[in-house]
Amino acid sequence: MALLEIEDVVAGYGAGPDILTGVTLSIDEGTSYCIVGPNGAGKSTLLRTIAGILKPRAGEVRLDGTRMNGSRPDQMLAAGVCFVPQDASLFPTMTVRENLVMGGYLLGDRVLKRQRLEMVFETFPALADRKSQNAGTLSGGEQQMVTLGRSLMVEPKVVMIDEPSLGLAPMIADQIFEKIGGFRELGITVVLVEQNAVKGLESVDWGFVLDLGSKEFEGPADGILADPRIRELYLGKQLAPRERR
Amino acid sequence: MNWVQLLVLGLLLGSVYAMMASGLTLLFGVMRVVNLAHAAFILIASYITYLLFENLTLDPIVSLVITMPLMFGLGVIIYLVLFPRIEGSARYVEMTVLLTFGLALVVEGLLTFVFTGTFRSVRPAYVSTSIHVGDIFIPSNQLYASAVSFALLIGLWVLLRFTKTGTAIRATMQNRGAAQIVGVNVRRISAFAFGTGMALAGAAGSLLSFLFPFFPGKHWQWIALLLSLIVLGGMGSIKGAVIGALLLAIASAVVTDTFGPTWSPITFYLTLFLILLVRPQGLFGAKLRL
């Protein structure tokens, strides 16, 4: 059985139109995924809906076969679904360490919290050096590392990461993708949303192509990258520089 | 008057203002609510204190035990009934201003209906005594009100700094979205914070009842003063509210002494005007993205 199942989900903001017009996809444990598609396709909206920030207007979100519709974000997190939003959502005047500790807000056990913190510092040694610094003073790449590290505090089953490379220099973005690749060894299922479709697809197993609020195509990530039709329709712009070379 | 005396009077009143303002700034920090009804709620507590004193001769300081939980409960109810309706609105901040302005009018109307527009005051024995230290005189009522306010501020600080709920409140103040993502139930935390702000309004009402005479329309004066305090400190910053309150109370004591009491309110608005001109985010406020 799939870990996370999305069935005919319809969602949108406030009284606005449907952004997702009926998305169906399923996420298996231990596989990594990337959702690609043009601007406005509903990629971020999909993640926000799964995370419980938006309530689906129709359809179902199931985790381990249990219907999760209408769950609050804290309930989704407690169930093992962690969301990393795209704007490096940190607490700017708290230190790096305090930010990470906040990631373990749902953990009752102090000893466990401390162990996880050690584990995060092992995974992100750069953060250990900056643990007493206010998060607001970090560079964009470092802030992204903090949000990724923070997501590890609860040992989630699934981490959904929205545009991790947004606004980062290519070299820094590569480091971030490398860290995300490391999540798999920790037994965490990764679902990425990435504007840089090539980078995103190269770092995962399976790709979903989303357009106009529904899934247009899915397949092995390397297959999507190799498919000239999809490249032209959905990934065209991003691939252009490489083809010229 | 000598300057030590002015400083003492300023600090005494300033700590009461600080406690009032920290409740208001807490509401703004956690929920982006500019609570124009805050002083109206303070007045409700003043009238409750008045009733308890007149009918049961309950000391106004002791009546905090009643007004604080009562106002906490009222705050939670008001939050849960009124705010979820406007939470998703694109014009949320504007809506909160209208909503709380309306609440202030309703409260003023109800108070006028029940208590009429007559000036009231609560007069326990200590309103007419004072303590003399050298040539400094300290009015007893101001001393007690200041001590209670100071204790409540320490309590608020301990709550925010050392408890799990307090950490969640601070996190929500800094970044509501991020707080939600790490598993804070932001609606419950908001309700609790609203209740806490209102409990402080309750305490302020009980204390003000024996410091100044009051009538139902008095809250307009208080809210204007409170807003100038929290804008000076930086909206949403409790530290700023406390320091802003102390500074302005001292400034107001000096102005009263130099130019006479009619000029005292001007101190607040002039400072407000200058701060908005020079440093709109206030002394300790972050530049806000609303």
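Within every chain, numbering begins at 1; the chains are lettered A, B, ... in the order of the sequence lines, protein sequences first and strands thereafter. The model shown is predicted, which means the values in this text are computed figures rather than measured ones.
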Under 4.5 Å to a heavy atom of chain A? For B:Arg187 that would be neither

Please classify the contact of B:Val184 with chain A as side chain, backbone, both or neither, using a heavy-atom distance under 4.5 Å. both

No-hydrogen, no-angle side-chain donor-acceptor test under 3.5 Å, [X] and [Y]:
{"X": "B:Arg176", "Y": "B:Ser190", "value": "yes"}
{"X": "A:Tyr13", "Y": "A:Thr45", "value": "yes"}
{"X": "A:Asn39", "Y": "A:Gln195", "value": "yes"}

Heavy-atom cut-off 4.5 Å, strictly under: side chain, backbone, both or neither for A:Leu107 against chain B?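 Contact with chain B: backbone only.
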
Within the 4.5 Å heavy-atom criterion, are B:Leu27 and B:Phe194 side-chain neighbours or not?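 Yes, side chains in contact.
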
